[in-house]
Amino acid sequence: MELLPTQLAARIRTAIEAAQAAGALPDFALPESIPVQRSAKPELGDYASPVALQLAKLARRKPLEVAEVIAAHLAPGEAVGAVEVAPPGFLNFRLADDWLLAQVDAIIAADDEVFTLAIGRGQRAQVECVSANPTGPITVGRTRGGVIGSTMANILRALGYDVEMEYYFNNAGRQMQLLGQSLQARYRQALGLPADFPPDGYQGDYLATIAQELIAQHGDTLRDEPWQRFKDEAEAAIFKWIERSLARVNIRFDVFFNENSLYEDGSVWKVLDLLEARGYVYRAVTREGASEEERAKVPPDAQDAIWFRSTRLGDEEDRVLVKSTGEPTYVLPDIAYHINKLERGFTYLINVLGADHIVEAQTVARGLLAAGYDPGPVHVLLHQFVTLVEGGETRRMSTRRGEYVTLDELVDDVGPDVVRYFILARSPNSHLEFDLDLARKHANENPVFYIQNAHVRCAGIFRQAAEAGLTDEDADLSLLGERERQFITKLLEMPEVLVEAYEELAPHKLAFYALDLARQFHPMYEEVRVLHSEVPLDLAKARLRLYRAARIVFRRALTLMGMSAPDVM
RNA sequence: GUGGCUAUAGCUCAGCGGAUUAGAGCGCUUGUCUACGGAACAAGAGGUCGCAGGUUCGAAUCCUGCUAGCCACGCCA
């Protein structure tokens, strides 16, 4: 199905061209896109276009006249009923009633697949998010990326894409060594053995918990094992927690991709060769064009590092690919990883990252370009930070220091649906202040319940209807009134919202749409009764059918947001 | 210092070029209902959209400058 605004824009374009051909409008180049928007008020119709206001200057006519000429040349179409011209030059469209009512049946026929589009049909998409290294329990900050990512994945699926969720991690390196040494120390401490806790080791209680588990399982037999063994144990335990915690809020992954595999299969070095062959690499102790100060800091015996000449692609400074120690920085495997993604055949990739990773994202894009790949399919969805506010105080989080609020704690407090909605109902690039006291105290006053209650009420109607022996078979929808009609147009807005969320990488639009829909639903529910002695049977049937469609759309919206659609509360 | 994000109602936030009254949730005030789950509905108070210029038929929305807050500027990932 084609989106209504898209259909209308095409019809308007045709009408303008027809008017020009007929000499009713002078020849001028049409704008690339014809604006069509939802009307501000119901009295003004369902959709509107201000295109005549834009064209007035080109046409050297008054906007109102231009609008009238366009209206006169509009060909009739199935979805649109009346077209009106309103000052100062708007074209107002009202959807045709018979078409509108037919959509209710279309929604019911589609059921769980309602508003599935064909935009991504036959294409593979991938969403990468969370990607936290397994050094501790998943925090609220990381959860934001996961909620955003999983919702985008759901939206992509609704647009017809075949979608995979992926988690990229690194289980080598200094941080993991520190983790292994920290656990080793906790283990020895628990056994009353002398232990050296690393000065900047991981302070969280969870390592003591893992140490206890190790003792329960192995006694003191691990006392002389090297830190590597403890690293492996910590990693396994932590990953298990992470997966389980994320699954509680409906974040699930198809693939866990280990950075190390890029070393094992040689692709890291292949990328370096590729960049070198294309002239983007040089060896030096400092980057080209480094200041005197920087040069002065280099020790006289310094070895060469290998540099990426990213400045040639607009970067502020060149980046190190391989340290003077011979070890690559994260940049090189990151580029290799993205090449790997592209070569797996994904045509649409979303990379959900915290705002602190912006430089990394830019470097990867330049790396792809330098290596001869098109970074076009890679879409970076940056989100700002989450700060937790508790007792009126902002808490800064640090996994290392053991200062954090875990996802599990939060879910225990307020439930998975509230966690998801709180995070989702915020634009990714606005800072999220998660007020713990409010989330706990007012869990029952949350918009989440307002939205879910709409679904509950629909379910309630059907329970009662079943008892009363009422069905919506052979319902005559033409008996519905204006309020119901308005609600149907709101239902039909959902695919437009999905496409917007997709194009703008803005999953919060879905959250606001769902709330909006609920705001139209509840007043209608009060007035438009199904089971009441004064409601005639055929009217009750028509209304029941409308509520069937409403229920489907609420369930769809909630499910896409990764939330539950309860029948009872 | 450079770059990014943010600044809209008491609080948390949408809106990011369009229709002489700028929206929602929460909170506040006042009402409604012996009808499908009241976690409801209705009415109301509350905002010079950070400040100053500019562009446009039209600006909360675009541009410039300024102010304030957060973040990034590593041979860490």
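Being a predicted model, the structure only gives us computed values, none of them experimental. Letters go in sequence order (proteins before strands), and every chain restarts at 1.
Within the 4.0 angstrom heavy-atom criterion, no nucleotide atom of any strand lies near A:D315. Residue contacts for A:V528: at a heavy-atom cut-off of 4.0 Å it reaches a base atom on one of the strands shown. When heavy atoms are screened at a 4.0 angstrom cut-off, A:V359 is found touching the sugar-phosphate backbone but no base atom. No engagement by A:A56 is indicated, since no non-hydrogen atom pair under 4.0 Å with the nucleic acid exists. Residue A:V535 is classed as having no contact, given no heavy-atom separation below 4.0 Å to the nucleic acid.
Checked against the 6.0 Å centroid criterion, the rings of A:F256 and A:Y168 do not qualify as a close aromatic pair. Aromatic rings from A:F257 and A:Y337 are positioned such that their centres are separated by under 6.0 Å.
Remark: the A:Y525 side chain and the A:Q520 side chain contain no N/O donor-acceptor pair separated by less than 3.5 Å.
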Taking only N/O atoms, report every protein-nucleotides 9-12 of chain B pair under 3.5 Å with atom names and distance.
from	atom 1	to	atom 2	distance (Å)
B:U12	O2'	A:R426	NH1	2.9

Taking N or O atoms only and anything under 3.5 Å, show me the protein contacts with nucleotides 74-77 of chain B, one pair per line.
from	atom 1	to	atom 2	distance (Å)
B:C75	O2	A:S324	N	2.6
B:C75	O2	A:S324	OG	3.0
B:C75	N3	A:S324	OG	3.4
B:C75	N4	A:V285	O	2.5
B:C76	OP2	A:K323	NZ	2.8
B:A77	OP2	A:Y330	N	3.1
B:A77	O3'	A:N170	ND2	2.9
B:A77	O3'	A:E259	OE1	3.4
B:A77	O2'	A:N133	ND2	3.2
B:A77	N6	A:Y330	OH	3.1

Pairs: protein N or O with nucleotides 54-59 of chain B N or O, under 3.5 Å:
from	atom 1	to	atom 2	distance (Å)
B:C57	OP1	A:K57	NZ	2.3

For nucleotides 43-45 of chain B, which of its nitrogen or oxygen atoms have a protein nitrogen or oxygen under 3.5 Å away, and what is each distance?
none

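Annotation: of the two residues near RNA chain B, A:A86 and A:V568, the 5′-most nearest-nucleotide partner is A:A86.
At distances below 3.5 Å, not a single donor-acceptor pair connects side-chain atoms of A:S324 with backbone N or O atoms of A:A305. In this structure, A:R142 contributes its side chain and A:V130 its backbone to a donor-acceptor pair below 3.5 Å.
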Which side-chain N or O atoms in residues 282-289 of chain A pair as donor and acceptor under 3.5 Å with protein atoms at least two apart or in another chain?
from	atom 1	to	atom 2	distance (Å)
A:Y282	OH	A:E288	N	2.9
A:Y282	OH	A:D318	OD2	2.6
A:R283	NH2	A:E276	OE1	2.9
A:R283	NH2	A:E276	OE2	2.8
A:R287	NH1	A:E294	OE2	3.1
A:R287	NH2	A:E294	OE1	3.1
A:R287	NH2	A:E294	OE2	3.1
A:E288	OE1	A:R309	NH1	2.7
A:E288	OE2	A:R309	NH1	2.8

Please table the atom pairs, donor to acceptor, closer than 3.5 Å between any side-chain atom in residues 539-547 of chain A and protein atoms at least two apart or in another chain.
from	atom 1	to	atom 2	distance (Å)
A:K541	NZ	A:E473	O	3.1
A:R543	NH1	A:R529	O	2.7
A:R545	NE	A:D105	OD1	2.7
A:R545	NH1	A:D472	OD2	3.3
A:R545	NH2	A:D105	OD1	2.9
A:Y547	OH	A:V528	O	2.9

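Using C1' as the reference atom, B:A14 and B:A24 are 7 Å apart when rounded to the nearest Å. For the P atoms, the distance linking B:A22 with B:A9 amounts to 14 Å, nearest Å. Straight-line distance between the P atoms of B:C26 and B:A42: roughly 12 Å, to the nearest whole Å. With both ends at atom C1', the span from B:C62 to B:C71 equals 25 Å, rounded to whole Å. Spacing between B:C16 and B:G3 at atom P, rounded to whole Å, works out to 27 Å. To the nearest whole angstrom, the two C1' atoms, one in B:C5 and one in B:G58, are 28 Å apart. Comparing the P positions of B:C49 and B:C70 gives a spacing of 25 Å, expressed to the nearest Å. For the P atoms, the distance from B:A19 to B:U6 is 22 Å, rounded to whole Å.
The two residues A:G89 and A:A67 come nearest to each other via the heavy atoms O-CB, 3.7 Å. The two residues A:L510 and A:A557 come nearest to each other via the heavy atoms CD2-O, 4.3 Å.
With respect to A:R457 and A:E526, a salt bridge is recorded, a charged nitrogen being found less than 4.0 Å from a carboxylate O. Taking the charged nitrogens against the carboxylate oxygens, A:E128 and A:K341 do have a contact shorter than 4.0 Å, which makes a salt bridge.
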- Stepwise salt bridge (Lys or Arg N to Asp or Glu O under 4.0 Å) check, A:R38 with A:D46: CA-CA 6 Å; A:R38 292 215 32 113; A:D46 299 314; 5.3 Å; no
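Closest approach to the A:N429 side chain among B:A19, B:C36, B:U6 is made by B:U6 (side chain taken as heavy atoms from C-beta onward). Among the nucleotides B:A40, B:C71, B:C13, the one closest to the side chain of A:F512 is B:C13. Taking only side-chain atoms of A:H508, from C-beta outward, the nucleotide of B:G15, B:C36, B:A19 with the closest atom is B:G15.
Paired runs in RNA chain B that reach 3 or more consecutive Watson-Crick or G-U pairs, where each pair keeps both distances under 3.5 Å, cover B:1-7 with B:67-73, B:10-13 with B:23-26, B:28-32 with B:40-44, B:50-54 with B:62-66.
A close approach under 4.0 Å does occur between a side-chain nitrogen or oxygen of A:Y450 and OP1 or OP2 of B:C41. The side chain of A:N446 contributes no N or O atom lying less than 4.0 Å from OP1 or OP2 of B:G25. For A:T387, no side-chain nitrogen or oxygen approaches OP1 or OP2 of B:C70 to under 4.0 Å.
Stacking of A:R312 on the aromatic ring of A:Y280 is recorded, both the 6.0 Å distance cut-off and the 45° axial limit being met. Taking the centre and axis of the six-membered ring of A:F308, the NZ or CZ atom of A:R366 falls outside the cone set by 45° and 6.0 Å.
Considering only residues two or more places apart in sequence or on other chains, A:F422 meets the ring pair (Phe, Tyr, Trp, His ring centres under 6.0 Å) condition with A:F434. Take A:E484 and apply the salt bridge (Lys or Arg N to Asp or Glu O under 4.0 Å) test, not counting sequence neighbours, and it matches no residue. Among residues two or more places apart in sequence or in another chain, the side chain to side chain donor-acceptor pair (under 3.5 Å) test is passed with A:Y330 by none.
B:A19 has its base stacked against the ring of A:F90, the centroids being under 5.5 angstrom apart at an interplanar angle below 30°.
Applying the 6.0 Å contact sphere to CD of A:E316 captures no more than 12 heavy atoms from other residues, nucleotides or ligands.
Scanning residues 452-465 of chain A for heavy-atom distances under 4.0 Å to RNA chain B yields A:N453, A:R457, A:G460, A:I461, A:R463, A:Q464. Residues from residues 515-523 of chain A that place a heavy atom under 4.0 Å from any atom of RNA chain B, listed by number: A:L515, A:R519, A:H522, A:P523.
Taking the six-membered ring where the residue is Trp, A:Y450 and A:H522 present tilted rings, their angle falling between 30° and 60°.
Between A:Q175 and A:N133, the closest side-chain pair of non-hydrogen atoms is not below 4.5 Å. Taking the side chain as every heavy atom from C-beta outward, A:Y263 and A:P328 approach each other to under 4.5 Å.
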